[in-house]
Amino acid sequence: MDEFLSEQEQWERLKAWIRSNAIWIIAGIAVGAGILAGWRWWEARTDRIALEAGAKYQQILEALDRKDRARADTLTMELERDYKSSPYVDQARLLQARVAVESNELDKAADALRAVMEGTKDKQLALVARLRLARVQLAQGKPDDAIRTLDAVDPGAFKARYQVVRGDALYAKGDKAGALKAYQAAREDAFGQSIDAESLELKIDDLLAENTPAAPAAPPAASTAKSPEAK
């Protein structure tokens with residue numbers, strides 16, 4: 001019963017335990033020190049890579065500011081090659097897609113967005129890239145492709161925005177009833193989501209007006225004047 005042992009006896013027991021377990025104690029200390037050193041090395045490496053990738057991304061922005069797209073594309077490829085796990089790669093591809101759209105290079109924009117959609121580890125960013133890809137496909141005159149792109153996943157918090165683009169694609173196909181249904185669904189799901197509510201209401205109102213049958217013409221009012229024959 002340890003509580004009845006003298007301090008000297010407790011100390012002797014402790015020394016005996018240490019002697020019998022010395023190898024394991026030393027090994028545990030060594031392993032702990034190794035883990036700590038490895039963790040510190042990993043943190044330092046991660047910080048260095050993040051700084052380098054960020055600097056490369058800044059160079060891409062500066063190249064685009066100078067309208068030097070060739071240099072920006074080269075830097076983007078270097079970023080993808082050297083820092084493929086960095087989130088800056090996704091941002092550079094999104095930037096590349098935006099610039100391509102502005103230059104009407106829709107195929108290039110679609111490739112960049114598809115790379116983000118399929119390669120990013122960020123699920124929310126993948127949904128954003130998919131939505132933008134559908135818009136590009138719609139601009140390419142490929143509404144069926146846009147619908148397939150949108151319908152391939154659960155849009156989650158982006159449901160309203162997906163419905164808006166889906167409505168645009170259906171309208172482009174000539175399916176006005178389907179487009180109206182998609183727009184109305186977007187309006188119902190729009191709470192807390194960032195969409196252009198005014199534009200959406202205009203689309204809904206226009207389609208409702210097209211589907212509203214014209215009122216029949218009122219019959220001509222009866223004349224109270226007597227005809228010449230009645231005189």
Go through the steps for Arg187 and Gln163 under the test side chain to side chain contact (heavy atoms under 4.5 Å, CB included), then give the verdict.
-> CA-CA 9 Å; Arg187 182 172 61 185; Gln163 287 286 12; over 6 Å; no
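Shown here are the ring-ring contact (aromatic ring centres under 6.0 Å, His included) partners of Tyr57, two or more places apart in sequence or in another chain: Tyr88. In this view, Asp65 satisfies the side chain to side chain donor-acceptor pair (under 3.5 Å) rule with no residue, not counting sequence neighbours. A search for side-chain contact (heavy atoms from CB on, under 4.5 Å) contacts involving Ala179 returns Leu170, Tyr171, Tyr183, Leu207, not counting sequence neighbours. The side-chain contact (heavy atoms from CB on, under 4.5 Å) test applied to Lys173 returns Pro143, Asp144, Ile147, not counting sequence neighbours. For the salt bridge (charged side-chain N to carboxylate O under 4.0 Å, His left out) test, residues two or more places apart in sequence or in another chain that qualify with Glu105 are Arg69. In this structure Asp73 satisfies the side-chain contact (heavy atoms from CB on, under 4.5 Å) test together with Gln96, Lys108, sequence neighbours excluded. Residues forming a salt bridge (charged side-chain N to carboxylate O under 4.0 Å, His left out) with Asp175 (at least two apart in sequence, or on another chain): none. Listed by chain and residue number, Glu78 satisfy the side-chain contact (heavy atoms from CB on, under 4.5 Å) test with Arg81 (two or more places apart in sequence, or in another chain). Scanning for side chain to side chain donor-acceptor pair (under 3.5 Å) contacts around Glu80 gives Arg93, with sequence neighbours left out. In this structure Thr76 satisfies the side chain to side chain donor-acceptor pair (under 3.5 Å) test with no other residue, sequence neighbours excluded. By the side chain to side chain donor-acceptor pair (under 3.5 Å) test, Lys142 is found to be paired with no residue, residues two or more places apart in sequence or in another chain being considered.
Minimum interatomic distance between Thr149 and Gln137 (heavy atoms only, all atoms of both residues): OG1-OE1, 2.7 Å. The two atoms that bring Ala186 and Ala160 nearest to each other are CB-O, 3.5 Å, heavy atoms only.
Here Lys181 contributes atom NZ and Arg166 contributes atom CZ; the two are 8.5 Å apart, rounded to the nearest 0.5 Å. The distance from the CG atom of Leu79 to the NZ atom of Lys56 is 7.5 Å, given to the nearest 0.5 Å. Interatomic distance, OH of Tyr162 versus CG of Leu131, reported as 5.5 Å (0.5 Å rounding). From Asp145, atom CG reaches atom CZ of Arg148 across 4.5 Å, with rounding to the nearest 0.5 Å. The line from CD of Gln58 to CG of Leu75 is 11.5 Å long, rounded to the nearest 0.5 Å. Going from atom CG of Leu106 over to atom CG of Asn104 covers 5.0 Å, rounded to the nearest 0.5 Å.
Between Arg132 and Met117 there is no side-chain heavy-atom pair separated by less than 4.5 Å. The side-chain heavy atoms of Arg98 and Leu95, taken from C-beta on, include a pair separated by under 4.5 Å. The shortest distance between side-chain heavy atoms of Leu125 and Leu94 falls below 4.5 Å.
Cluster membership check: Leu127 shares its hydrophobic cluster with Val165, using side-chain heavy-atom separations under 4.5 Å among Ile, Leu, Val, Met, Phe, Trp and Tyr. Connection of Val153 to Leu133 is not established within any shared hydrophobic cluster, with ILVMFWY side chains joined at heavy-atom distances below 4.5 Å, either directly or through further cluster members.
Applying the 4.5 Å side-chain rule to ILVMFWY residues, one finds that Met77 remains a lone member of its cluster.
A salt bridge is defined here as a Lys NZ or Arg NE, NH1 or NH2 lying under 4.0 Å from an Asp or Glu carboxylate O, and Asp168 with Arg135 fails to meet this definition. A salt bridge is defined here as a Lys NZ or Arg NE, NH1 or NH2 lying under 4.0 Å from an Asp or Glu carboxylate O, and Arg114 with Asp111 meets this definition. At a threshold of 4.0 Å, the pair Glu62-Arg71 does not count as salt-bridged, since none of the basic side-chain nitrogens sits closer than that to a carboxylate oxygen.
For Thr120 (side chain) and Val116 (main-chain N/O), no donor-acceptor pair under 3.5 Å exists by modelled atom type. The closest donor-acceptor contact from the side chain of Arg130 to the backbone of Leu150 lies at 3.5 Å or more, if one exists at all.
For Glu198, the CD atom counts as loosely surrounded, since its 6.0 Å shell holds 12 or fewer non-hydrogen atoms of other residues, nucleotides or ligands.
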